Structures are given as C-alpha cells and as structure tokens.
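Data block below; observations after.
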Amino acid sequence: MAATMGEGSTPLVTSLRIAARLGVRRLAFKLESTNPSGSYKDRFIAAEMTRILASGARACVATSSGNTGSSLAAYCARYDVRCTILVNEHTPEGKLAQMKAHGAEVIRVREFGSNASSTAEAFAMLREFSSSGNLPLVVSAFRYCPEGMRGVASLGREIAGSVPDLGHVFVPVGGGGLFSAVCLGLEGCTARVHAVQPAGCSTVVAAWERRDNTIVPVESNTRISGLSVPFDIDASLALVHLQKHNGMGFAVEDEEVYECQRMLLEMEGIFAEPAGAVALAGLRKALREGRIRPDESIVCLVTGSGFKDPEAITAVAQARPERFLSNRELREYLQEAVE
C-alpha cells in the first residue's frame with residue numbers, strides 16, 4: 001500500500017511585488033507550505049511510510065528539528081503506527097504541538113542539533129535502540145532513509161516541468177538532504193541550483209567557499225528552526241550536487257531571513273516560517289553581489305508554513321497592533337480615513 005495524504009503537486013506562484021522590488025524579470029515561489037502537514041517533509045514521509053508499512057512495523061523512532069516530526073506524526077496517526085520523536089531544545093511550539101496533537105511521544109534532548117558531539121552521541125544511541133528493537137529509524141537524510149528521500153525528488157521534477165526556461169533554483173540547506181533530492185529531480189535540466197544556509201550553521205556553504213570537499217562540524221548559533229544541522233549527515237552529498245549543478249553557496253544572517261519572511265508575508269501574501277524564507281534571502285544576496293542576472297527565470301523554495309513557528313509570526317504581527325474602538329470612535333476613524 002502506498003501511503004499518501006495528497007502531498008506534492010504544490011503551487012508555483014509567480015511573484016507580483018518582490019520581483020519588482022528586486023529588479024528581476026521572472027521570479028516564482030514553490031509553495032511547499034501547502035502540503036498536508038505544512039512542509040515539504042510530507043514528500044519524504046509519504047515514501048518512508050510506504051516502506052515502513054511494507055516492512056510490517058507498527059512503531060518507529062525518529063529525530064527531527066520540527067517538520068519531519070510533524071509530518072511523521074500525521075502519517076503515523078493515519079496509518080496507526082506509534083512514533084517516538086527526538087527533538088532539540090529550540091524546536092518551535094507550533095511544531096511540537098502538531099506532533100503531540102497527532103499522538104506522537106516527543107522527547108527534547110539538550111544540545112541536540114546545536115552541539116556536534118552531543119548530536120552525534122544522541123544519533124548513536126538512537127541507532128542502537130532502533131537496531132536492538134528492530135524499529136525503523138526515520139531521519140530525513142539519504143544516509144539513513146534513501147527510499148524516503150528519493151520521494152522528495154518529485155519536487156525538482158515539478159519545478160523543471162513548470163518552467164521550461166528555468167535558470168536558477170535557490171534551496172535552503174540544513175542537513176543537505178532536501179538540496180540533494182531537488183538536484184536529483186532536476187537531472188537533465190540546465191538550471192543552476194544554489195545552496196543557501198544560515199551563516200550561524202554553515203557547513204555546505206563554508207566548504208564551497210573554501211573550495212574543498214571537507215565538511216567541518218560547527219557550533220550552530222542560528223535561530224532558524226530546521227536548518228541547525230552542525231555536522232555531516234547529507235552535507236557531503238549536497239556539496240557534490242552543488243558542484244555538479246554549477247551552483248553557488250550563500251550564507252545569510254538570521255536577520256536577513258526574518259526580513260525576507262516579512263517580505264513574503266506583506267508583499268506576496270505567502271505565510272512562511274523563517275526557514276521558508278531562506279531561499280529568498282539567498283537570492284537577494286546573489287543579486288546584491290551581482291552573481292546572477294536579473295533577466296533569468298528564478299525559483300525560490302518556500303519549504304514550510306508560518307503556522308510552524310507562531311513566535312516568529314507574532315514578531316511580525318506586533319508591528320501592526322489592532323485598535324479597540326467604541327462605535328463613536330469607529331465613526332470618527334472611518335470619517336478620517338475617507339477624508
């Protein structure tokens with residue numbers, strides 16, 4: 001049985017205002033935020049859940065910075081599979097609530113996802129537990145779940161099929177699995193595929209900038225949920241694809257990402273979490289530095305919904321406080337507004 005909740009075939013929305021602001025002729029956003037659980041991870045989990053069901057397993061364990069866990073919990077609820085999910089200390093409440101609401105058991109682990117050695121130790125323990133209990137270990141990486149990650153390649157194929165003259169694709173990078181899968185889906189396409197990472201957790205981009213093939217572990221200090229992967233899971237694989245697809249690497253500051261999130265919200269009506277704005281931040285940097293031409297067709301991935309990180313959305317919304325008025329005050333306000 002193929003597991004599905006109707007994932008994929010997400011909208012590719014042409015920019016109306018940001019393209020003009022940036023001075024580019026053709027810009028579109030791939031809205032992975034419209035998948036059933038609100039992120040591109042549904043493509044991964046649908047393929048991985050198909051494998052789990054075929055194996056006969058009725059329980060699984062997973063690691064997640066948020067969206068993998070949210071998606072896994074939803075699909076596990078649908079197919080009656082128990083799941084236990086390890087998350088980091090800084091996973092946004094929106095993602096935690098989504099996991100728990102679907103019935104998952106959630107365990108927060110100190111320094112998981114921020115400290116390389118602590119993260120590696122937690123992974124080792126989880127692999128041992130998975131092996132001893134004969135439980136599927138779900139990690140959104142080719143290193144651990146290649147069949148599931150090949151399901152994400154459909155994202156690249158959809159983009160290639162929608163934009164015949166595709167020039168550039170900007171992809172956010174955490175562990176490197178998404179980037180690798182998109183590149184696989186774009187095989188045979190001449191578009192350049194660019195990697196964008198938070199400067200506070202730059203593994204793939206740092207290696208690209210050094211012009212070497214070594215992924216060096218880092219101490220992550222980014223606040224961008226979902227992209228804090230401080231050591232090599234699929235980073236080496238992503239680096240190979242980055243070079244193969246003639247891409248460039250862009251490290252962007254967290255504040256640039258939050259600014260791009262506000263742009264998506266206020267100028268395009270796109271309800272994105274911060275990680276969903278990272279690709280746009282990379283495009284802005286590429287244009288600012290004159291590294292791509294503004295007359296080429298460009299696609300930026302929007303990987304997750306704003307509902308995933310309510311704190312970040314609230315920070316934007318607070319700039320526009322609501323008014324509390326009596327009927328008399330309302331009349332005065334409306335009269336002033338039309339004068």
Side-chain angles (χ1 to χ4, degrees), residues 9-35 38-40 67 92 94 155 158-159 162-163 165-173 178 182 191-199 222-227 248 250-323 337:
S9 300
T10 55
L12 186 69
V13 178
T14 300
S15 171
L16 294 182
R17 297 179 60 197
I18 290 178
R21 168 75 66 85
L22 299 182
V24 298
R25 191 155 62 93
R26 290 168 293 181
L27 170 62
F29 299 104
K30 183 64 169 170
L31 301 189
E32 287 297 287
S33 51
T34 64
N35 277 300
S39 84
Y40 83 89
N67 282 333
L155 174 50
E158 287 175 19
I159 294 171
S162 300
V163 188
D165 60 344
L166 184 63
H168 301 273
V169 181
F170 285 80
V171 182
V173 174
L178 169 62
V182 169
R192 301 178 67 185
V193 190
H194 308 297
V196 190
Q197 281 190 299
T222 181
R223 292 170 290 153
I224 308 304
S225 168
L227 301 184
M248 296 178 284
F250 299 92
V252 295
E253 299 297 332
D254 286 3
E255 290 309 318
E256 294 179 86
V257 175
Y258 290 125
E259 183 179 351
C260 285
Q261 182 193 24
R262 288 192 294 272
M263 291 174 67
L264 287 170
L265 288 164
E266 296 177 356
M267 299 180 67
E268 299 286 358
I270 295 174
F271 198 60
E273 66 172 315
V278 166
L280 177 58
L283 169 60
R284 289 180 72 201
K285 187 170 185 178
L287 291 167
R288 189 167 62 244
E289 296 177 354
R291 293 162 72 181
I292 67 170
R293 297 202 319 266
D295 62 340
E296 297 175 296
S297 291
I298 303 163
V299 171
C300 287
L301 269 60
V302 178
T303 50
S305 168
F307 291 114
K308 301 287 190 171
D309 194 339
E311 184 177 346
I313 292 294
T314 299
V316 179
Q318 285 175 340
R320 299 178 183 275
E322 67 272 20
R323 299 171 183 267

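As the structure is a computational prediction, the values presented were derived from the model and not from experiment.
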- request: Grab the two heavy atoms, one from Pro294 and one from Gly23, that are nearest each other, plus how far apart they are.
  value: CB-O, 3.2 Å
query: With sequence neighbours left out, which residue pairs that include part of residues 274-291 fulfil the salt bridge (charged side-chain N to carboxylate O under 4.0 Å, His left out) condition?
result: Glu256-Arg288, Glu259-Arg284, Glu289-Arg291
query: If you measure from CD1 on Ile298 to OG on Ser15, what distance do you get to the nearest 0.5 Å?
result: 10.0 Å
- prompt: Do the ring planes of Phe250 and His194 sit parallel (below 30°), tilted (30 to 60°) or perpendicular (above 60°)?
  reply: perpendicular
message: Looking at every non-hydrogen atom in both residues, tell me the closest pair between Gln197 and Val173 and how far apart they are.
response: CG-O, 3.2 Å
statement: For Asp254 and Pro198, the nearest pair of non-hydrogen atoms, with its separation, is OD1-CB, 4.0 Å
- line: Heavy-atom nearest pair, Thr10 first then Lys30, reads O-NZ, 2.8 Å
- request: Hey, could you give me the OG1/CD distance between Thr222 and Glu253, rounded to the nearest 0.5 Å?
  value: 9.0 Å
message: Test side-chain contact (heavy atoms from CB on, under 4.5 Å) on Asn67 and Lys308; report intermediate values, then the result.
response: CA-CA 8 Å; Asn67 282 333; Lys308 301 287 190 171; 3.0 Å; yes
field: Heavy-atom donor-acceptor pair, Glu296 side chain to His168 backbone, under 3.5 Å
entry: no
- prompt: Do the side chains of Leu265 and Phe271 get nearer than 4.5 Å, heavy atoms only?
  reply: yes
Donor-acceptor contact present, side-chain Arg26 to main-chain Asp295, <3.5 Å: yes
task: Answer yes or no: is there a side-chain heavy-atom contact under 4.5 Å between Leu155 and Leu178?
output: yes
task: Answer yes or no: is there a side-chain heavy-atom contact under 4.5 Å between Pro172 and Leu301?
output: yes
message: Which heavy atom of Val196 sits nearest to which heavy atom of Phe170, and what is that distance?
response: CG2-CD2, 4.0 Å
Just distance, no hydrogens or angles: give the donor-acceptor pairs under 3.5 Å from side chains in residues 274-281, sequence neighbours left out.
none

task: State, to 0.1 Å, how close Ala272 and Ile313 come at their nearest heavy-atom pair, and which atoms those are.
output: O-CD1, 3.9 Å
message: Ignoring hydrogens and geometry beyond distance, is a side-chain donor-acceptor pair present between Glu32 and Thr303 at under 3.5 Å?
response: no
- prompt: Roughly how far, to the nearest 0.5 Å, is the OG1 atom of Thr14 from the CD atom of Glu268?
  reply: 9.5 Å
